[in-house]
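The block underneath contains the structure these notes are about, expressed in structure tokens.
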Protein chains: 2
Amino acid sequence: MHLKIGDLANATGTKVETVRYYERIGLLPEPERTSSNYRSYSSGHLDRLNFIRHARGLGFDIADIRSLLGLADEPEGDCTEVDRIASGHLEAVERKISRLIVLRDELTRMIGQCRGGQVGSCRIMNVLADHSLCKGEHSAS
Amino acid sequence: MHLKIGDLANATGTKVETVRYYERIGLLPEPERTSSNYRSYSSGHLDRLNFIRHARGLGFDIADIRSLLGLADEPEGDCTEVDRIASGHLEAVERKISRLIVLRDELTRMIGQCRGGQVGSCRIMNVLADHSLCKGEHSAS
DNA sequence: ATGGACCCTGTAGCAACTACAGGGTCAAGG
DNA sequence: CCTTGACCCTGTAGTTGCTACAGGGTCCAT
């Protein structure tokens, strides 16, 4: 198992620059070097990079992944902390979804009110210019 | 109407630094200066900054807002382009929601399988280490 | 005249990469 | 043997949308 950086990148769907970036920030351990100073990765590196990419794919941030990797290195340990990190992330994702749904509904309503015509009378522009038009709020008439 | 930067920031719920940032990137026009070199804003600036903040609140990016502001400056123009920008943004939001829902479901399933115990046998860790465990994919046995 | 609240410029930091520039290495083909 | 092209190396700067200083100046009240 002696992978060059390009092989490792290919095997994990990562860009070469990203692999080097992970090394720079200490997420992926420094590999051996060949006599010509090329990085030479082992299957351990492959596993670790796969772990990182899967976690990133699930939206975990680097700090969380750092913690998870630390926990993975002690398989005898209790997995409460793993659960805590994952649950925290799940909650963050749920909050993000809620916020985006509010946004989506506001955008949908706004766009639905546009009847074309001049910019000056465009409902979209009106809403943006005066947010009180947005949620059924009305200025006193 | 002569607002100092702090007044403008307060009136729009923006940080002073952010106002200066918008000026630096050309989103907010440069205001007059007092004799002591303080920025002095008019109600036109206030309207424009409100527009920017509302649009940012709806998730439009700076490039979109730049376009929308350009269109707002020609109220006689046709609002097709406005509609196009808003619809494009709505679609992006919808894509983001879909992606996050997939994530949420994967995370929920993953976390639901965790029965506590050792890290080494934690389902969450297993999924992260080998993504093929994730969606009911099985390696040939 | 002195304190505190404001203002100024300019620069650096955040997340998580991505994209060069300007080199070195290596294997295959002519 | 030499060249060509695909790799590899380091180091730095760009992306997005701010935010946070540092190191000054101004203004007003006490």
Side-chain angles (χ1 to χ4, degrees), chain A residues 2-28 30-41 45 48-49 51-69 85 88-89 92-93 96 99-100 103, chain B residues 2-28 30-41 45 48-49 51-69 85 88-89 92-93 96 99-100 103:
Chain A
H2 287 290
L3 303 164
K4 279 186 283 181
I5 195 168
D7 304 330
L8 187 70
N10 256 316
T12 56
T14 313
K15 300 207 171 170
V16 166
E17 280 102 336
T18 305
V19 177
R20 284 197 283 250
Y21 168 71
Y22 288 154
E23 179 182 325
R24 205 163 57 242
I25 65 172
L27 207 57
L28 199 58
E30 295 186 20
E32 306 285 311
R33 297 292 183 122
T34 67
S35 55
S36 54
N37 202 32
Y38 286 14
R39 288 171 179 81
S40 176
Y41 294 97
H45 289 102
R48 206 163 172 97
L49 184 51
F51 185 102
I52 294 169
R53 295 308 292 182
H54 295 155
R56 285 292 299 130
L58 286 167
F60 287 94
D61 62 24
I62 301 283
D64 280 348
I65 294 173
R66 219 182 276 279
S67 305
L68 290 170
L69 284 170
I85 293 172
H89 177 50
V93 169
K96 219 175 265 182
R99 257 195 28 240
L100 285 174
L103 274 195
Chain B
H2 286 291
L3 302 164
K4 279 186 284 182
I5 196 168
D7 303 330
L8 186 71
N10 256 316
T12 56
T14 313
K15 301 209 172 168
V16 166
E17 279 101 339
T18 305
V19 177
R20 284 198 282 251
Y21 167 71
Y22 288 155
E23 178 182 324
R24 203 162 60 242
I25 65 171
L27 208 57
L28 200 56
E30 295 185 22
E32 306 284 309
R33 296 292 182 123
T34 67
S35 54
S36 54
N37 202 32
Y38 285 15
R39 289 172 178 81
S40 176
Y41 293 98
H45 289 100
R48 205 164 172 99
L49 184 51
F51 185 102
I52 293 168
R53 296 308 295 187
H54 296 155
R56 284 294 297 131
L58 287 166
F60 287 94
D61 62 24
I62 301 283
D64 280 348
I65 294 174
R66 219 182 277 278
S67 306
L68 290 170
L69 284 170
I85 292 171
H89 177 50
V93 169
K96 219 174 265 180
R99 256 195 29 238
L100 285 173
L103 275 194

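Naming: A, B, ... by sequence-line order, numbering from 1 per chain. Bear in mind the structure is a predicted one, so any value in this text is a computation, not a measurement.
Residues meeting the ring pair (Phe, Tyr, Trp, His ring centres under 6.0 Å) test with B:Tyr38, sequence neighbours left out: none. Residues satisfying the salt bridge (charged side-chain N to carboxylate O under 4.0 Å, His left out) criterion with A:Arg39, sequence neighbours excluded, are A:Glu23. Not counting sequence neighbours, the partners of A:Leu103 by the side chain to side chain contact (heavy atoms under 4.5 Å, CB included) test are A:Leu100, B:Leu58. Not counting sequence neighbours, the partners of B:Arg33 by the side-chain hydrogen bond (donor to acceptor under 3.5 Å, both in side chains) test are B:Asn37. Here B:Asn10 pairs with nothing under the side chain to side chain contact (heavy atoms under 4.5 Å, CB included) rule; sequence neighbours left out. Every residue was checked against the ring pair (Phe, Tyr, Trp, His ring centres under 6.0 Å) condition with A:Tyr21, not counting sequence neighbours, and none meets it. By the side-chain hydrogen bond (donor to acceptor under 3.5 Å, both in side chains) test, B:Ser36 pairs with B:Thr34, sequence neighbours left out. Every residue meeting the salt bridge (charged side-chain N to carboxylate O under 4.0 Å, His left out) condition with A:Arg48, not counting sequence neighbours, appears here in chain and number order: A:Asp73.
The shortest side-chain heavy-atom distance between A:Thr12 and A:His45 does not fall under the 4.5 Å cut-off. For the pair A:Ile62/A:Arg56, a side-chain contact is recorded, criterion being any heavy-atom separation below 4.5 Å from C-beta on. Contact check for A:Leu68 versus A:Phe51: side-chain heavy atoms found under the 4.5 Å cut-off. Residues B:Leu69 and B:Ile52 are in side-chain contact: their nearest non-hydrogen atoms beyond the backbone lie under 4.5 Å apart.
Protein atom CD1 of A:Ile62 is 11 Å distant from nucleotide atom P of C:dT18, rounded to whole Å. Going from atom CD1 of A:Ile5 over to atom P of C:dT25 covers 17 Å, rounded to whole Å.
Using a 4.0 Å heavy-atom criterion, one finds that B:Ile25 contacts no nucleic acid atom at all.
Sorted by residue number, the members of residues 13-23 of chain A with any non-hydrogen atom under 4.0 Å from DNA chain C read A:Lys15, A:Glu17, A:Thr18, A:Tyr21, A:Tyr22. A heavy atom lying under 4.0 Å from DNA chain D marks the following residues of residues 31-41 of chain A, by number: A:Arg33, A:Asn37, A:Tyr38, A:Arg39.
Taking all atoms of both residues into account, the shortest heavy-atom contact from A:Gly13 to A:Arg53 is O-NH2, 4.0 Å.
Comparing the axis of the opening five pairs of the helix from C:dA1-D:dT30 to C:dG30-D:dC1 with that of the closing five pairs yields an angle of 30°, rounded to 10°.
Protein chain B touches strand DNA chain D; the 5'-most and 3'-most nucleotides with an atom under 4.0 angstrom of its non-hydrogen atoms are D:dG17 to D:dC27.
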